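Notes follow once the structure below has been shown.
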There are 2 protein chains.
Amino acid sequence: MPARPAAHAMGTRSRILATASEEFAASGFEGTTVDRIARRAKVNKAMIYYHFPSKRALYTTIVRDRFTAITEKLQAIAAQPLPPDRKLDRLIETLVRSIDEAMHFLPIFLREIADGGVHLGAEELALITGVFATVSGVIAEGTRSGVFRSIHPALAHFTIVAPLLMFRATAPVRARIKTVRRLEIPDADSATVVAHLQMVARRVLMPTEPGREG
Amino acid sequence: MPARPAAHAMGTRSRILATASEEFAASGFEGTTVDRIARRAKVNKAMIYYHFPSKRALYTTIVRDRFTAITEKLQAIAAQPLPPDRKLDRLIETLVRSIDEAMHFLPIFLREIADGGVHLGAEELALITGVFATVSGVIAEGTRSGVFRSIHPALAHFTIVAPLLMFRATAPVRARIKTVRRLEIPDADSATVVAHLQMVARRVLMPTEPGREG
DNA sequence: GTCTATAAATAGATAGAC
DNA sequence: GTCTATCTATTTATAGAC
């Protein structure tokens, strides 16, 4: 894993990374074979072990790169001089766009959660924490300024992020259900998802209580 | 896989099922070895192949049993003579209780989603669809009677169910984050989660628009 | 129903030529 | 940097005794 490989190797390395992403997403870490990555990336298996010390290191590189990209985008928004409710709207837009641009990463993320994060090092855990810190930080900002009410920070975070992740992640299962056809679970485009999540955030964080609860 | 094994075999069979559940939850289908299930269940490996035709069939049995249990509980509530908003509150209570009683099933479910449901047959897909149909059916009931507004059925469903699944499923990762400690992502007990989700459902489905949107 | 022993296939990883 | 060939370990699954 040279920090700066020769120019003609870049294509090979990134082709390995791209193919491995697809394979890990489709089959999981254990279900993915290095043989298959090599065949599909049209490189020799030994080339993979030239660029990466192990199958696990290849996997970790993919996870870290993706977490870094998303975390940086979100933190850039949180740093902007905007009121908290506008920031949250923009965070939601960016989250939806990030997921839709890298849908292949969702299965990897879900399996990582299922594995209890045992393959995540301090660096990757810090990046995940950064996403939570950014979203819940903007909500806390709004709570302080009075535009949002006070709410359990983790539940607030998951109320916004989890529906997005699960709705997008379940698209293949929903497509399979459609073939068995007892009832269709409809899909939704990006704009619809963004508008829905922004509406949810607004209603859930709205300070004035509309109904019966105290 | 005898439909009705002899009495003294029941203990063995259910011990295999219980141990296999834990193993599949902890390591995924590919990551779980039949050897390890046998060792931990204190049965011989050949016994597993006596009771189940294959590793895959053992896995499918576990998935189907759990889906059946949850689906039946939810449908019993939907059939009760209650107003839709009360039904939804009870569905949420039951969902939280079902998840908390069978936390080991969450990783299995997440990985199944990540796999695109390729291991799910028509029967299992129908059971999943049943959960969606029950929740969104109660919401549609409320929409017709005017206590709920009209909303994208799948997004409504995932807005309620996804935060629960993700919040509970991420507990181990959040515990790991705590050890690295840059920021703590707090947990919540069952009552808090139930109250939160009921509040979310109420606010999101509330017909009168409180804020700026149309 | 339960065991021992083993077949048969496949995996991750490496040696070494070019 | 890239390849061929192979080592070593592990896996699912089965045969056959008791």
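Bear in mind that the values here come from a model prediction, so they are computed numbers and not experimental data. Proteins get letters first, then strands, A, B, ... in listed order; numbering begins at 1 in each.
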Checklist entry - Do the side-chain N or O atoms of A:T12 get closer than 4.0 angstrom to the phosphate oxygens (OP1, OP2) of D:dG1? => result no
Next on the checklist: Within the supplied structure, the quantity of interest is the number of heavy atoms (other residues, nucleotides, ligands) at a distance under 6.0 Å from A:K178 NZ; does it exceed 12?
Outcome noted: no
Checklist entry - Just by modelled atom types, is the B:G121 backbone N or O under 3.5 Å from a matching donor or acceptor in the B:E124 side chain? => result yes
Next on the checklist: Strictly distance-based, threshold 3.5 Å: is any side-chain N or O of B:T170 a donor or acceptor partner for the main-chain N or O of B:V173?
Outcome noted: no
Checklist entry - Thinking salt bridges, do B:R111 and A:E30 make one under a 4.0 Å N-O criterion? => result no
Measure from [atom1] on [X] to [atom2] on [N] and round the result to the nearest Å.
| X | N | atom1 | atom2 | answer |
| --- | --- | --- | --- | --- |
| A:F52 | D:dT2 | CZ | C1' | 16 Å |
| B:R39 | C:dC3 | CZ | P | 15 Å |
| A:I48 | C:dA11 | CD1 | P | 13 Å |
| B:Y50 | C:dT4 | OH | C1' | 18 Å |
| A:K42 | D:dT2 | NZ | C1' | 17 Å |

Checklist entry - Which letter, B, S or -, goes with each nucleotide of nucleotides 11-18 of chain D from 5' to 3', with contact meaning a protein heavy atom under 4.0 Å? => result SBBB----
Checklist entry - What residues form a ring-ring contact (aromatic ring centres under 6.0 Å, His included) with B:F109, not counting sequence neighbours? => result B:F67
Next on the checklist: For B:T192 and B:D189, which I'm curious about, is there any donor-acceptor pair between the side chains at under 3.5 Å?
Outcome noted: yes
Checklist entry - Over its full length, what angle do the end axes of the helix from C:dG1-D:dC18 to C:dC18-D:dG1 make, each axis taken from five pairs and the result rounded to 10 degrees? => result 0°
Checklist entry - With under 30° as parallel and over 60° as perpendicular, where do the rings of A:F167 and B:F158 fit, or are they tilted in between? => result perpendicular
